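The structure appears below as structure tokens.
Residue numbering restarts at 1 for every chain, and letters A, B, ... go by the order of the sequence lines. Quantities reported herein were computed from a predicted structural model and do not represent experimental measurements.
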Number of protein chains: 2
Amino acid sequence: MRYLQSGVTIRDVAREAGVSVSTVSRVLNDKDDVAPETAQSVRRVIEALGYASSMAARSLRSRVTNVVGLIVPDLWHPFTSLVIKGISQEVAAQRYDLLAYASAGRNVNALASWEQQLVARLNGSVTDGIIVVTPNAAQYRTAFPLVAVDPHQANTDFPAIISTNYQGVNEAMSYLIALGHRRIGFITGRPALQSSIRRLEGYINGLAQAGIPEDPDLIATGDYTRARAVECARCLLSLANPPTAIMAASDETAFGVYAVAAERHLRIPEDLSVVGFDNIVESAFTNPPLTTVDQSIEKMGGLAAEIVLKLIQGQPWESRLNKVSTRLVIRQSCRPIVPVS
Amino acid sequence: MRYLQSGVTIRDVAREAGVSVSTVSRVLNDKDDVAPETAQSVRRVIEALGYASSMAARSLRSRVTNVVGLIVPDLWHPFTSLVIKGISQEVAAQRYDLLAYASAGRNVNALASWEQQLVARLNGSVTDGIIVVTPNAAQYRTAFPLVAVDPHQANTDFPAIISTNYQGVNEAMSYLIALGHRRIGFITGRPALQSSIRRLEGYINGLAQAGIPEDPDLIATGDYTRARAVECARCLLSLANPPTAIMAASDETAFGVYAVAAERHLRIPEDLSVVGFDNIVESAFTNPPLTTVDQSIEKMGGLAAEIVLKLIQGQPWESRLNKVSTRLVIRQSCRPIVPVS
DNA sequence: ACTGATAACGATACCGGTATCGTTATCAGT
DNA sequence: ACTGATAACGATACCGGTATCGTTATCAGT
């Protein structure tokens, strides 16, 4: 492999065009005090030399990059993909560029401090503002616009986008109870996370509102992963008096329940009703399609982008907590309970 | 919203620690000619001031960023997600950072020149090398490492990763023919693309090898999208003598066939066999699960990362075309043809 | 006592842009 | 003819790091 020569700088362009670097810079930035003919000839030279200005040099001096940064744990998880889709569209619409950073593969302990470092380093050099998805650090210190999507802590120093976790589960519970279910199992998310806590509260209050006593055996502690959900589901379905329905704290969790149902030859929804949370793309394609709580992940991304761009442009954003509402999507994984005659 | 004060520079750290900026720089880069006590105290000051070095300034001078760039049309498409997963793991393993750029939302005509600009701008300022997925430009001019995944042109100036498109379809055809199918429809990809051409050849030669005459009616021209595939499938299934099986040039295309089958009350695989290409995540979750040609998208990403990192480190990479082999994944969307008694 | 090597650190030019201030030519208005 | 405004452009400091070269103190070896 050989590469073409590079390293064309603004000074090369200036020399070739017979003007000063100032004038070239003016042409690059579409300033208005340049004679049209001059601009034209400079542009021709730029084209001929294949010149592209260095983002590093530009941002070092002018402190504007027109780039929005995004920090996510990974770039391939379904949840992440949807968030990115929402962000991406809004950012592109406002003619900014999007630049994503994956923190995956890193030591979990070092992660928080690494993210903190990254935020500081990106802002003030390569990005004008940053969107963070599921931050691990409690606090970010930055002088630049920062917005968090689905933060794991309740209180943050910067605007955060969250969905109505409590109401989402609560609504799903009403639905299951209306179908006649009384023994409803719950598999939680990762206990430390705010979203997980709120969803559990939705479950508990859902039962209370219907006057159904809470049974500790029916609450299994998961962590949002499919693997852990499999263990939880085995546990719940091995009870002497097993649940007729399982409310899962995430779609991935629900798919774990699907797997266990299959291994025990339980049919969904005939023998077991299941409700998920997230409405990731896969949930519409499973067999049967999963009834789940849609948290408009895409919309969360869009809102995050909107806010960070407002902040970048110097407009204030009062509200620190921005809720995006959830909605129960009824598919085919639940059915009314048939009283044992 | 108020933000913390920022703008801590290396000079602030130097002043506070009572050393020169050179020494601070040495500490930052783990150079060995610094007294341990000095390094210790500098590190304490860095911590106390919340200092983070500016990537822009660093890369401007040292021309090393430890960042691999990625340019993709979008960040949420299933194909993209899998490529990114492969890249991400390899890049993280070698302690580089990954930075993704989405070109979506941009005017299609301006896209190629925009990408060309972006490559030039990223390299030599924020990244050490770049991986491009499905480039639109015929040629990129860059002095830095560049690798293309699944390029749309056959010949490129830089290493490219492609899958064995021809063999993949060919193998699938053998499978369908072995099941007894004789009238096999084909829905192509976007005709201009190299991958599409090779897949079509796999279909045509598959028929020829079995001595089955080619029927132009059975070849419908798609473009890899689900929407277009729906029209193609309607066309094929409306023939006087319709196909008993359809080979689709992509999984998305296959899902278009699924949709048309449902609207016409045709059962898959009882009434119609379908084979896809890609093996995206969804294909395992459809009803029925799709038999498809796996092109190890993740592995393609991993290989791309491996090559670009080798190039960055100055090691040569001879081969310009790197093939990743395909593999037929048999699920439940095909069945043997039953002779009409 | 002198030499040479080495450890530890400092001073300063420089990367490639933009911001800022200055200069020159031209011309309308009196 | 002189003044002031304006259009068009140039010279240069500067952004915040690192590379390069230099300096000083210390000490082992003769």
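Within the structure, every pair that satisfies the salt bridge (Lys or Arg N to Asp or Glu O under 4.0 Å) test and touches residues 7-17 of chain A, not counting sequence neighbours, is listed here: A/D12-A/R15.
For the contact set between residues 31-46 of chain A and DNA chain D, defined by any heavy atom under 4.0 Å, the members are A/D33, A/V34, A/A35, A/T38. Residues of residues 56-65 of chain A having a heavy atom closer than 4.0 Å to DNA chain C, listed by number: A/A57, A/R58, A/L60, A/R61, A/S62.
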**OP:** Could you provide the dot-bracket string of DNA chain D, using ( ) for intrastrand pairs, [ ] for crossing pairs and | for bases paired to another strand, with Watson-Crick or G-U pairs below 3.5 Å?
**Re:** ||||||||||||||||||||||||||||||

Subject >> B/Y224 vs B/S195, side-chain hydrogen bond (donor to acceptor under 3.5 Å, both in side chains): CA-CA, chis, key distance, verdict >> reply: CA-CA 11 Å; B/Y224 284 138; B/S195 62; 2.8 Å; yes

Counting only pairs under 3.5 Å, give me each side-chain donor-acceptor contact of residues 22-31 of chain A, with atom names and distances, residues two or more places apart or in other chains.
residue, atom, partner, partner atom, Å
A/T23, OG1, A/S20, OG, 3.4
A/N29, OD1, A/R58, NH1, 3.3
A/N29, ND2, A/S25, O, 2.8

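Under the side chain to side chain donor-acceptor pair (under 3.5 Å) criterion, B/S41 pairs with no residue at all, not counting sequence neighbours. Annotation: side chain to side chain donor-acceptor pair (under 3.5 Å) contacts of A/R61 (sequence neighbours excluded): none. Judged as a side chain to side chain donor-acceptor pair (under 3.5 Å), and not counting sequence neighbours, A/S59 has no contacts. Annotation: side-chain contact (heavy atoms from CB on, under 4.5 Å) contacts of A/S81 (sequence neighbours excluded): B/W76, B/S81. Take A/A35 and apply the side-chain contact (heavy atoms from CB on, under 4.5 Å) test, not counting sequence neighbours, and it matches A/E37, A/T38. Looking at residues two or more places apart in sequence or on another chain, you find no side chain to side chain donor-acceptor pair (under 3.5 Å) involving A/E298.
Looking at every heavy atom in both residues, A/G301 comes nearest to A/I87 through O-CG1, 3.2 Å. Heavy atoms only, all atoms of each residue included: B/P159 and B/L146 are closest at CD-O, 3.4 Å.
Taken to the nearest 0.5 Å, the CG atom of B/L75 stands 11.5 Å off from the OH atom of B/Y101. One finds the CG atom of A/D97 at 9.0 Å from the CG atom of B/L122 (value rounded to the nearest 0.5 Å).
With a heavy-atom cut-off of 4.0 Å to chain A, the contacted part of DNA chain D has its first and last nucleotide at D/dA8 to D/dG16.
Looking at heavy-atom distances under 4.0 Å, B/S22 makes contact with a base.
Each of B/S53 and A/G18 was assigned the nucleotide of DNA chain D with the nearest heavy atom; the assignment lying further toward the 5' end belongs to A/G18.
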